[in-house]
Amino acid sequence: MFNLLRMDLYRLKRSRSIYICFAILLVMTVICFWFVWMTATPQGDALAEKLGIAEVLREDSLSVENYDTLLMFREIAMDGGAYSAILGILVALFVCLDFHSGFLKNIMSLHRQRWKYAISKVITAGILSFFYLMLQYAFCLLLNVLFGHLVPLTGFGDTLFYLASAWLNTTAFSALMILICFFTRSSAAGVFTALLLGGGIVQTILRGFLSLFHLDDWLNYTLYYSLVLAPSSYTGTGSLRMFGAALVFLVLYSALATVSLSRQDI
């Protein structure tokens, strides 16, 4: 399995899509910081006046007094589902490429144990999510400095706690995307699912419907709402709910992906 993992990481490193998707995350971060800067500083307000958007920003302005770098990071990418959707799209394209190119047949002729291939994909997605999270948060810290320390820094312990839980959650979501790609062998289906589930569209519609019958509480344990409702710091054992839900889903989706691949013709 180590050789499969090393090969996946090498191919991922040479893929253009990994850099394009990360560039999208960085552009989103710059835009959000820029709008906050125009809302929170006199210089930014003057620029907004010149651009003719000052009135709109004042109506939708956010009070940055209660914000810190971690909350800014969450608002930019995590709580709205943008990060999960982009990561899911990238994982779907990467996995389905093996089917479309016929590369998987060559791999399976050398590695008969298909579970190794499936687990290798999950580990690769986890490594990718780790670097994406670390680099994007570091970019948030850099922008905060460049824009004149808009918000205070979050404590190291709180940052580590949230990023660890977010990493486990997004890795579990990647395992779900791998399962869907193994089952459908369609990059279009994978991308569509990443947008619907990663962006929370399906979950929001389902919550609205189930709330009519007071049955929506169980949705808090889905990956999307576990990420959205996750605490930013450890306040007790209840704060570990996100870890537990994400770990269960990670194991479940990885096992189902392995079974799906093992029972299909390549």
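We use all heavy atoms of the structure for the numbers below, so side chains are in, but hydrogens, waters and symmetry mates are not. Quick caveat, the model's predicted, so the values are computed rather than measured.
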Geometric cation-pi criterion Arg207 and Tyr224, 6.0 Å radius, 45° cone: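 Judged by the rule (NZ or CZ under 6.0 Å from the ring centre, within 45° of its axis), Arg207 is not positioned above Tyr224.
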Side chain [X], main chain [Y], donor-acceptor under 3.5 Å:
X      : Y      : answer
Thr193 : Ala189 : yes
Thr39  : Phe35  : yes
Ser211 : Gly208 : yes
Ser84  : Gly81  : no
Ser174 : Thr170 : yes
Ser233 : Asp158 : no
Asn220 : Tyr225 : no
Ser165 : Tyr162 : yes
Arg114 : Val259 : no

Measure the [atom1]-[atom2] distance between [X] and [Y] for me, rounded to the nearest 0.5 Å.
X      : Y      : atom1 : atom2 : answer
Leu163 : Arg74  : CG    : CZ    : 10.5 Å
Ser15  : Ile20  : OG    : CD1   : 8.0 Å
Leu5   : Lys121 : CG    : NZ    : 9.5 Å
Leu210 : Leu219 : CG    : CG    : 5.5 Å
Arg14  : Leu9   : CZ    : CG    : 14.0 Å

Minimum heavy-atom distance between [X] and [Y], given as atom pair plus value:
X      : Y      : answer
Met177 : Gly88  : CG-CA, 3.8 Å
Tyr234 : Thr237 : OH-N, 3.7 Å
Ala82  : Met28  : CB-CE, 3.5 Å
Leu12  : Ile18  : O-CG2, 3.3 Å
Ala77  : Gln136 : CB-NE2, 3.6 Å

Can you say whether the rings of Phe213 and Phe209 are parallel (under 30°), tilted (30 to 60°) or perpendicular (over 60°)?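 The arrangement is perpendicular - the two ring planes meet at more than 60°.
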Are the ring centres of Phe243 and Phe161 closer than 6.0 Å?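 Ring-ring flag for Phe243/Phe161: true, centres closer than 6.0 Å.
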Report, as yes or no, whether the 6.0 Å neighbourhood of atom CZ on Phe139 holds more than 12 heavy atoms from other residues, nucleotides or ligands. yes
Within a 6.0 Å radius of atom CZ on Phe156, are there more than 12 heavy atoms belonging to other residues, nucleotides or ligands?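 It does not: Phe156 CZ has 12 such atoms or fewer within range.
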Distance-only side-chain donor-acceptor flag, Asp8 / Ser120, under 3.5 Å: yes
Val122 versus Leu250: any side-chain heavy-atom pair under 4.5 Å? yes
side-chain contact (heavy atoms from CB on, under 4.5 Å) evaluation trace for Trp167 with Met134: CA-CA 10 Å; Trp167 171 79; Met134 296 301 108; over 6 Å; no
Run the side-chain contact (heavy atoms from CB on, under 4.5 Å) check on Asp68 and Phe73 step by step: do they pass? CA-CA 9 Å; Asp68 54 24; Phe73 174 72; over 6 Å; no
Worked verdict on Tyr221 versus Asp217 for side-chain contact (heavy atoms from CB on, under 4.5 Å): CA-CA 8 Å; Tyr221 294 92; Asp217 288 344; over 6 Å; no
Report the C-alpha separation of Ser186 and Phe99 in whole Å, then their side-chain angles, then the decisive distance to 0.1 Å, and conclude whether the side-chain contact (heavy atoms from CB on, under 4.5 Å) test is met. CA-CA 9 Å; Ser186 169; Phe99 288 101; over 6 Å; no
